[in-house]
*Asks:* 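Dropping the structure in here first, questions after.
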Amino acid sequence: MTRASAQDWVDDLLAGDRRTLARLITRVENRTPDSHAALARLYPHTGRAYLVGITGAPGTGKSTVVNALTRTLREREQTVGIIAVDPTSPFSGGAVLGDRIRMVDLAGDRGVFIRSMANRGSLGGLAATTGDVARVLDAAGFDVILIETVGAGQSEVDIARTAYTTIVVDAPGMGDDVQAIKAGILEIADILVVNKADRPGAENTVRALRAMLELGHRLRTNLHHGELLARPASPDASIYDFWQVPILKTIATEGEGLGALADAIERHRAYLADSGLLVERQRAGIEAELAARLREALLDQLIRQRTPAALEELIERVLARQLDPGSAVRMLMDGSA
Amino acid sequence: MSERKIRVLIAKPGLDGHDRGAKVVARALRDAGMEVIYTGLRQTPEMIAEAALQEDVDVVGLSILSGAHMALVPRVIELLRAEGLDDVIVIVGGIIPDDDIPALHAMGVSAVFGPGTSTEDTIAHIRQAVASRSAPQ
């Protein structure tokens, strides 16, 4: 289908045309020139949706939690866009995207739109274009956008920069003591969920997570008092540590505990809004996105300005120990290579 | 960095519970560099058409071993057309009697792959069908 202009894309999207939505997402994923124009046009229509991230190790039941949470949100009359990210094979560039298997319940509901995304080699749990795809869903009018990351477990920090509320899903028997110490994933959690809570060992998982949080909280409190000493007059300082990360138990396959999860998301949203942290998070997200995009654009530009032969020659010189990698980069930057 | 990935929905309509063939094909297409959305067992034609729309796939692959293909395939194609997805390529795999193949082609099925088909043939067919479809645009 050919379109006259980016404006047509955006007009049809805002009018609620689901096929336009699906096709625009494909173009955004493929980074076609017309998608850049469309994103620029639709950007003023974004910022209304609430972005929630769902991450956690493989096998904890992320997709099932997304499915059950969406049903609860639908009962509360919120429309939901879902982006489910799975890994691209580094060998073939292909992917099998299987998250929909767990989301069968949502079929036939016009208030839900599910899109599977391959991460296309991007690290950090999301695809490079996931943020832009969320903007397309946002402009299309969905109230809540749930972003499910790749289930790698320890390095999904990108989601915390993209989503406003980040949910980390754990489950009994995942090697709790060790996993909880790998704190990277816990640090980004606004809400912790212990799914499959009917399984043996669920209490142990809750206890391990609580111990981890208490450790982290004491640390933060100390820092907080340090800040208070330095800036005793700041009225905002006390707000920072106010959010206590809740640990919620769910049995997503049975739909149990999802009401409490939806409530916790609402409370966190209100907390972010009242404390002014929502705007702060958005600003930090934009800053990180601009930096990442700039890095990519500059790298592209720099590499395009050099012939492959010139780059090859530089690699050979580094390989022959005639030049160190740092100097090679400086030569590329100042144009002497 | 703009690249065009072929997106394929692999779905099992109907009630038979054997998805091994569908999974083998899904993996083979992944290994050929395609993005495969696998939706699992017991999909209704309505669910398949909806997933095809949301995922904006180039190809819908239906795996049917139950013998109900002459009922399920036309229904899926009808629903795809109703959603405006006229240009989606439909392929069918599974146990399909030779006598039914001409009728399936007449309904708009691009290819039928029976037991023993090499996955290479399926991959080659998809690539060629997608290429010839996008050429006139």
Side-chain angles (χ1 to χ4, degrees), chain A residues 1-3 17-36 63 81-84 86-89 91-110 112-121 127-129 137 296-297 299-300, chain B residues 1-13 19 22-58 61 79-88 119 123 126-127 133-134 136-137:
Chain A
M1 189 192 291
T2 51
R3 301 279 180 142
D17 184 63
R18 292 163 77 85
R19 190 155 184 234
T20 299
L21 170 59
R23 298 208 138 187
L24 188 51
I25 290 175
T26 305
R27 280 160 186 267
V28 166
E29 279 197 275
N30 291 336
R31 294 181 158 172
T32 62
D34 59 350
S35 77
H36 299 155
S63 299
I82 297 170
I83 305 171
D86 269 328
T88 293
S89 157
F91 303 108
S92 69
V96 173
L97 313 172
D99 291 321
R100 290 187 86 100
I101 295 172
R102 312 273 174 230
M103 300 181 192
V104 168
D105 291 352
L106 308 175
D109 182 350
R110 307 282 292 183
V112 177
F113 192 97
I114 308 169
R115 183 64 178 234
S116 313
M117 277 187 95
N119 72 347
R120 299 196 180 176
T129 53
L137 286 165
E296 197 181 317
L299 183 67
D300 263 16
Chain B
M1 254 201 53
S2 80
E3 53 175 328
R4 180 85 179 82
K5 294 260 187 201
I6 296 176
R7 286 172 71 86
V8 184
L9 180 76
I10 297 287
K12 273 202 63 70
D19 61 352
K23 283 178 173 163
V24 167
V25 171
R27 285 192 64 159
L29 300 184
R30 178 199 68 182
D31 292 343
M34 301 178 195
E35 292 184 350
V36 182
I37 295 98
Y38 184 64
T39 54
L41 294 167
R42 298 185 187 88
Q43 300 278 298
T44 64
E46 286 77 9
M47 289 158 87
I48 292 167
E50 184 184 30
L53 177 122
Q54 292 180 354
E55 300 289 354
D56 190 28
V57 291
D58 305 290
L79 289 165
L80 288 174
R81 288 190 180 144
E83 295 277 19
L85 305 174
D86 313 77
D87 57 348
V88 171
T119 51
I123 292 161
I126 290 174
R127 285 199 175 126
R133 185 199 62 171
S134 40
Q137 281 190 355

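Quick note on labels: first sequence line is chain A, next is B, and so on, each numbered from 1.
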*Asks:* In this structure, are over 12 heavy atoms from other groups packed under 6.0 Å from R18(A) atom CZ?
*Replies:* yes
*Asks:* Assess whether a salt bridge exists between R19(A) and D87(B), defined as any Lys/Arg side-chain N lying under 4.0 Å from an Asp/Glu carboxylate O.
*Replies:* yes
*Asks:* Name the option with the most non-hydrogen atom pairs under 4.5 Å to chain B; the candidates are A95(A), G93(A), A22(A).
*Replies:* A95(A)
*Asks:* Looking at CD of E55(B) and CD1 of I114(A), how far apart are the two atoms once the value is rounded to the nearest 0.5 Å?
*Replies:* 8.0 Å
*Asks:* Rounded to the nearest 0.5 Å, what's the gap from CZ on R102(A) to OG1 on T39(B)? Could you check?
*Replies:* 12.5 Å
*Asks:* With chain A, which of E83(B), Q43(B), M47(B) has the greatest number of heavy-atom pairs at distances under 4.5 Å?
*Replies:* M47(B)
*Asks:* Find the one option among I37(B), V8(B), L29(B) whose heavy-atom pairs under 4.5 Å with chain A are most numerous.
*Replies:* I37(B)
*Asks:* Between G84(B), G40(B), G33(B), A51(B), which residue shows the highest count of heavy-atom pairs closer than 4.5 Å to chain A?
*Replies:* G33(B)
*Asks:* What's the separation between atom CD1 in I101(A) and atom CG in D19(B), rounded to the nearest 0.5 Å?
*Replies:* 8.0 Å
*Asks:* So which part of F113(A) gets closer than 4.5 Å to some heavy atom of chain B, the side chain, the backbone, both or neither?
*Replies:* both
*Asks:* If you take all heavy atoms of S92(A) and R30(B), which pair is closest and at what distance?
*Replies:* OG-O, 2.7 Å
*Asks:* Against chain A, label E46(B) side chain, backbone, both or neither, depending on which of its atoms sit under 4.5 Å from a heavy atom there.
*Replies:* neither
*Asks:* Answer with side chain, backbone, both or neither: which region of V112(A) has an atom nearer than 4.5 Å to a non-hydrogen atom of chain B?
*Replies:* backbone
*Asks:* Identify which part of R7(B) has an atom lying under 4.5 Å from any heavy atom of chain A, answering side chain, backbone, both or neither.
*Replies:* side chain
*Asks:* Going by heavy atoms in the side chains, are D56(B) and R115(A) under 4.5 Å from each other?
*Replies:* yes
*Asks:* Relative to chain A, which segment of I10(B) carries a heavy atom at a distance below 4.5 Å: side chain, backbone, both, or neither?
*Replies:* neither
*Asks:* side-chain contact (heavy atoms from CB on, under 4.5 Å), that's the test. Do T26(A) and K5(B) meet it? Break it down for me.
*Replies:* CA-CA 9 Å; T26(A) 305; K5(B) 294 260 187 201; over 6 Å; no
